[in-house]
Amino acid sequence: MKKLNLLFPDEALIAAEKMPEPEYFRDLHLDQVINKITEGREDYKLSPYFYWLPQDLESIRFRQGIMHDLENTAVYNNILLFSKDLSGIRNSLAHIEKLYYPLQRQRNYLETAIRYQQLLKGLLNRLSQITIESSGLKAFVIKMQEIVDTEFFMEFENKSAALLEKMNSIRYAVIVKDNRVTVQRCLDENDYALDVARLWYLDMTGTSADESKPGVNSGYDMNHVEAQILEGVARLFPEPFHELASYCQQYMLPGELPDAKSDAECLKAGRFPFMSGDVLNWERELQFYLAYLDYIAPLKHQGLSFSIPEMLVQSKCIQAEQTFDLALAIRLQEETGQQVVVNDLRLSEGEQIFVVTGPNQGGKTTFARTLGQLHHLAGLGCPVPGLNTRLCLCDGIYTHFSYREDMGAGHGKLEEDLLRLHKNLDRATAASIFVLNELFDSTTYDDALYLSAQIMPQLLEKKSLTVWVTFMDALASFGPQIVSLMSMVDPDDLSKRTFKIRRKPADGLAYALSLAKKYGLTYETLMETIA
Amino acid sequence: MINISLLYPDDRKYDLDHVPGHAARLALDLELPVLFKAMARDDKTVDTAVRQIILGQRSTEISVIIFRQQIQKDFICYTELLAKLYQLSMDALGAYRESLRFWLSAKSASRRLRSNLDILDMLLTQLSSVRDLGESYPALESSGLKKFFRFLQKYYDDETLHSLRAQITTLRMDNGFSVSAKLDHNNRSQEFFLNRDQPSTHWLKNWFPLVAAEEGYSFTIAQRDESGLTALAEFRDAALEPVARLMDSAVHQLLDFFTRLRDETAFYRGALNLRAALEAREYPLCWPVPLSSQPTSCVASRIYDPCLALSQEKRVITNDLQASNKSLLIITGANSGGKSTFLRALGVNQLLLQSGLETAAQEFSASICDEVYTHFKLEEDASMHSGKFEEELLRMADLVPHLKATAMFLFNESFAATNEREGAEIAWQICTALLEKGIKIIFVTHLYTFAQRCYTQKGSNILALRAPSEENLSMKYKMSEAEPLNTSFAKDVYNRIFEYKNK
């Protein structure tokens with residue numbers, strides 16, 4: 001029987017678990033993005049999945065299908081809940097193994113078993129009420145149903161429920177006088193405290209809710225007085241406690257870890273006889289989707305758009321409306337709650353190279369990164385920033401960024417740059433992407449212009465999609481394949497950047513405005529804002 | 001449960017710490033600290049209460065305003081009742097704080113339970129003293145005070161107090177305790193509840209071991225088993241936590257009652273102090289008449305700014321005002337002509353009116369407004385001239401999101417930090433929008449273009465007032481109805497001072 005894998009439809013294509021981080025990650029700030037995405041999910045070892053570009057349309061479409069299903073909130077929430085609960089169960093199991101008192105350990109196993117059963121059935125039940133379209137998730141549901149329908153699972157479930165019922169019906173009294181503690185069967189039906197409350201005119205509706213206030217008698221730590229009380233209860237009610245012990249013998253004795261394809265922490269719960277190894281694997285694979293969607297959720301909430309891109313194979317007519325730099329958007333959102341500025345990006349037939357000029361700190365580099373990020377994310381099968389997106393299926397992304405701190409490196413630096421550029425131009429194909437940022441800015445202006453004029457024809461000849469950030473206006477009018485873009489300033493306040501990048505012949509300037517508009521104090525805006 | 005209030009007839013809950021964000025600015029612009037100081041007379045509790053209530057608990061309901069006015073009238077007749085109520089609540093809270101000193105580390109439930117029971121005992125005593133005051137003052141007229149005492153007599157009669165005290169004794173658990181429990185998901189004892197039969201309630205059982213009576217399982221922690229004793233103490237705390245928490249709420253309920261009584265009586269004490277201070281200076285005072293917010297109206301005779309009256313020795317000039325159905329008051333005229341003072345007088349008295357207090361005028365009736373906002377020119381105009389206009393706009397923009405119809409907005413020489421044309425245009429746009437939204441505006445301005453445009457275009461909605469020029473000594477600081485004048489009186493002042501110096 002063929003195993004189901006939720007990341008790679010064809011088993012032969014499963015990427016090595018030890019894929020290194022691609023070279024362009026740092027320049028494109030994808031390292032920040034992926035670190036953030038996988039943060040808090042270390043147990044799953046997900047990073048390699050975000051490094052590897054499948055490069056075949058079938059895999060991309062398989063993942064896009066699952067992503068598309070998960071964009072439906074109902075599907076997403078159910079899968080998320082499934083994953084959170086399963087992870088909770090794994091944590092519980094690790095804890096329970098270490099518990100000192102057997103009677104306590106056994107009860108915990110029982111509770112965890114029931115959580116596991118409810119988890120699987122609950123998921124199936126809820127997913128059955130939702131339309132699922134992707135072949136990936138459809139197969140997942142079928143396989144899960146097969147597990148739940150086994151005789152093993154059904155018997156396990158019945159036994160657990162009967163046992164829990166018995167445990168829960170136990171009620172007893174504890175009497176403490178000085179140092180003597182007595183456990184006996186309980187007589188009172190009602191809480192005397194309610195009478196007290198009535199007499200004091202206390203409104204108890206609100207207070208009973210925080211009965212489970214943490215800190216008081218919750219958690220695993222059982223002291224030996226409690227343990228002795230528990231012993232007493234077990235003597236008063238022997239039958240359910242015997243039953244519990246034999247139940248644990250059957251389902252809860254940890255064995256050897258079955259063969260796993262990865263050493264990820266999350267798969268270790270497979271040692272328990274009741275736990276299905278397949279469920280653990282699928283949950284790990286689904287983390288890829290959840291992690292990404294979880295990461296972009298606050299941005300969507302801010303009103304930013306994402307879409308699953310159409311993949312272009314021959315054409316370069318890429319398009320993304322209202323797109324943005326993912327790393328920057330998250331940083332702004334987290335640090336200041338601001339929404340990142342969005343830009344449109346489009347190439348028509350025959351166009352190949354964006355040359356971006358304009359004032360500094362105006363969003364040029366951000367724009368360049370965005371183009372690179374979009375193609376990496378699209379290659380992973382993820383929804384990308386922007387609306388109506390069409391992107392290239394690319395075979396490589398080559399970045400050349402100049403950082404200010406490298407300015408002092410002089411000759412050696414330029415030589416290194418040129419060497420790497422030469423190597424990359426050699427490897428590149430018409431399906432490759434170049435992201436060039438302030439190339440050659442460690443040289444004089446004349447030199448930089450000369451070098452640029454040499455590189456440009458090579459890029460044109462390779463037909464590689466390129467974005468080139470530069471301060472040299474001349475590059476923007478090199479040929480018909482060049483699209484000239486500019487970072488814009490606020491027409492009302494020259495010192496203010498709008499972070500908008502527009503098609504515009506390279507130059508630079510703007511005009512003045514009234515401050516009132518800036519502060520929303522014109523008649524029109526006031527009429528709108530005052531309630 | 002005990003929500004009885006002397007501020008609101010419906011005994012609603014309110015949060016004294018809730019003061020709107022612009023209140024600090026409002027207090028500064030209207031020079032309210034002078035007022036608060038006179039009301040507090042060095043009593044910090046009164047100072048806090050009057051600040052919080054005047055800035056945060058003004059009412060937009062006529063019934064609430066009348067309710068407070070009536071209570072204060074009673075207190076004017078029976079000042080010693082007010083003093084006693086205030087003192088009893090201060091004493092109760094003081095004794096509570098004192099008891100806390102010994103219980104700072106009382107985190108455990110059993111210790112907390114004991115300290116709570118002691119405190120409750122004390123609070124019940126104070127409560128019955130407050131209750132008994134009602135019988136000493138049978139002639140009270142305000143619905144608020146009558147209801148207050150009726151409430152205490154009904155819910156805390158002698159029988160109730162007796163059973164509460166009996167219960168305090170039981171809950172001390174001097175002979176151990178008995179609880180019921182269940183096993184939780186950890187097999188730990190949980191969901192404790194108190195059994196009706198406590199060891200202490202059945203003294204006879206103390207002679208026979210409980211185990212003898214029923215099937216059970218017992219064990220004893222040896223006196224030298226320290227960890228065992230700690231564990232037992234932990235168990236006791238867990239088992240008694242629900243009761244301790246219950247008694248926490250019992251204590252809090254009574255503390256809330258006394259805190260509220262203290263703050264509310266402090267507020268009325270402040271009111272009496274203000275009355276005394278203004279009467280001592282022979283200024284008129286009146287019970288204002290609150291009117292519904294529509295149509296906008298404000299009628300006053302001999303109105304003045306109480307803050308100025310309290311802070312300067314020189315006699316303050318009073319003004320009269322007839323503004324029915326006017327939503328824009330525009331005040332122009334000479335510098336030091338009393339424009340700002342008049343603006344403040346209207347603002348402060350509006351606050352007093354809506355707080356339920358007496359107002360600084362011989363007669364005063366005004367429409368209720370949702371909130372009072374101020375936008376005053378800042379005095380410190382030294383250094384950064386270019387940023388000043390922007391600062392003014394920023395201050396205005398901060399207020400905009402809070403504005404609601406029926407708010408009242410006081411502008412004092414706003415938007416003048418730029419050239420006249422621009423300032424006038426911005427003031428015009430802002431005022432037009434605010435007026436259309438139903439906000440009432442009083443605008444002191446030198447922007448002639450703006451004032452004139454309002455005067456000619458806003459029609460019957462506007463009342464234009466003018467401060468007299470310096471030459472007109474007989475009319476000093478008296479506002480009169482008049483069209484805005486195009487000549488600034490600054491020239492007069494300039495000429496006067498410079499000619500004087502040149503001589």
Side-chain angles (χ1 to χ4, degrees), chain A residues 103-104 106-108 111 167-168 170-188 190-193 196-197 199-203 207 211 216-217 219-220 222-226 228-233 235-236 514-516 519-523 526-527 529-531, chain B residues 1-2 155 163-164 167 175-183 185-190 193-196 199 210-211 214-221 223 228 231-232 234-236 238-239 241-243 245-246 249-250 253 389-390 393-394 396-397 400-401 403-404 426 429-430 432-433 436-437:
Chain A
L103 288 180
Q104 190 190 15
Q106 290 167 358
R107 174 66 185 264
N108 271 292
E111 299 281 344
M167 296 300 295
N168 275 341
I170 298 174
R171 177 114 219 164
Y172 54 94
V174 182
I175 295 137
V176 179
K177 294 182 66 187
D178 298 327
N179 292 354
R180 187 168 179 77
V181 182
T182 304
V183 186
Q184 62 185 35
R185 287 180 185 269
C186 180
L187 301 172
D188 277 21
N190 298 313
D191 191 352
Y192 176 55
V196 178
L199 195 56
W200 285 94
Y201 305 118
L202 294 178
D203 180 10
T207 43
E211 198 74 46
V216 185
N217 218 34
Y220 293 115
M222 185 179 235
N223 67 40
H224 73 255
V225 167
E226 281 178 291
Q228 274 181 282
I229 291 173
L230 178 55
E231 289 283 337
V233 178
R235 282 201 215 172
L236 285 174
S514 82
L515 283 165
Y519 290 105
L521 293 175
T522 57
Y523 172 76
L526 283 170
M527 289 306 283
T529 46
I530 299 175
Chain B
M1 176 68 205
I2 334 184
Y155 287 94
S163 33
L164 288 176
Q167 202 165 60
N175 291 303
F177 63 91
S178 164
V179 290
S180 290
K182 286 181 84 166
L183 295 175
H185 61 281
N186 263 315
N187 260 359
R188 299 181 65 183
S189 295
Q190 197 61 277
F193 69 63
L194 206 56
N195 289 325
R196 184 171 295 277
L210 281 165
V211 258
E214 321 222 5
E215 179 201 4
Y217 165 83
S218 292
F219 60 95
T220 304
I221 312 289
Q223 199 56 48
L232 182 60
E234 276 172 21
F235 178 79
R236 178 184 289 119
E241 176 62 30
V243 196
R245 202 180 292 162
L246 193 66
S249 354
Q253 172 170 269
F389 183 55
E390 195 163 351
L393 294 175
L394 185 62
M396 182 68 206
V400 168
L403 295 181
K404 272 195 263 176
I426 285 180
Q429 292 211 13
I430 290 174
T432 312
E436 280 180 35
K437 290 289 179 181

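Residue numbering restarts at 1 for every chain, and letters A, B, ... go by the order of the sequence lines. Note: hydrogens, waters and symmetry copies are ignored here, and every other heavy atom, side chains too, is used.
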Test item: [X] and [Y] side chains (from C-beta on) under 4.5 Å apart, heavy atoms:
| X | Y | value |
| --- | --- | --- |
| A:L526 | B:Q429 | no |
| A:M167 | B:N187 | yes |
| A:L202 | B:Q253 | yes |

- Query: If you take all heavy atoms of A:G232 and B:Y217, which pair is closest and at what distance?
  - Reply: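 So the two residues come closest at CA-CD2, 3.2 Å.
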- Task: Check B:F219 against A:V225 and note the closest heavy-atom contact, atom names and distance.
- Result: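 Shortest heavy-atom separation between B:F219 and A:V225 comes out as CZ-O, 4.0 Å.
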- What residues, two or more places apart in sequence or in another chain, satisfy salt bridge (charged side-chain N to carboxylate O under 4.0 Å, His left out) together with A:E231?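 Salt bridge (charged side-chain N to carboxylate O under 4.0 Å, His left out) check on A:E231 returns nothing, list empty.
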Identify which part of [X] has an atom lying under 4.5 Å from any heavy atom of chain B, answering side chain, backbone, both or neither.
| X | answer |
| --- | --- |
| A:L199 | both |
| A:Q228 | both |
| A:D178 | backbone |

- Message: For B:Y155, is there any backbone N or O sitting under 3.5 Å from a side-chain donor or acceptor partner on A:Y201?
- Response: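 Side chain of A:Y201 to backbone of B:Y155: a pair is present.
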- Could you tell me which portion of B:V179 (side chain, backbone, both or neither) has an atom closer than 4.5 angstrom to a non-hydrogen atom of chain A?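 Both the backbone and the side chain of B:V179 come within 4.5 Å of chain A.
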- Checking side-chain contact (heavy atoms from CB on, under 4.5 Å) for the pair B:N186/A:M222: CA distance, chi angles, key distance, verdict? CA-CA 9 Å; B:N186 263 315; A:M222 185 179 235; over 6 Å; no
- Spacing of CD1 belonging to A:I170 relative to CG belonging to B:L183, to within rounding of 0.5 Å: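 The CG atom of B:L183 is 5.5 Å from CD1 of A:I170, to the nearest 0.5 Å.
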- Message: B:T220: which residues meet the side-chain hydrogen bond (donor to acceptor under 3.5 Å, both in side chains) condition with it, sequence neighbours left out?
- Response: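 Checked B:T220 against side-chain hydrogen bond (donor to acceptor under 3.5 Å, both in side chains); matches are A:R180.
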- Item | A:W200/B:S249 under side-chain contact (heavy atoms from CB on, under 4.5 Å): CA gap, chis, key distance, verdict | CA-CA 9 Å; A:W200 285 94; B:S249 354; over 6 Å; no
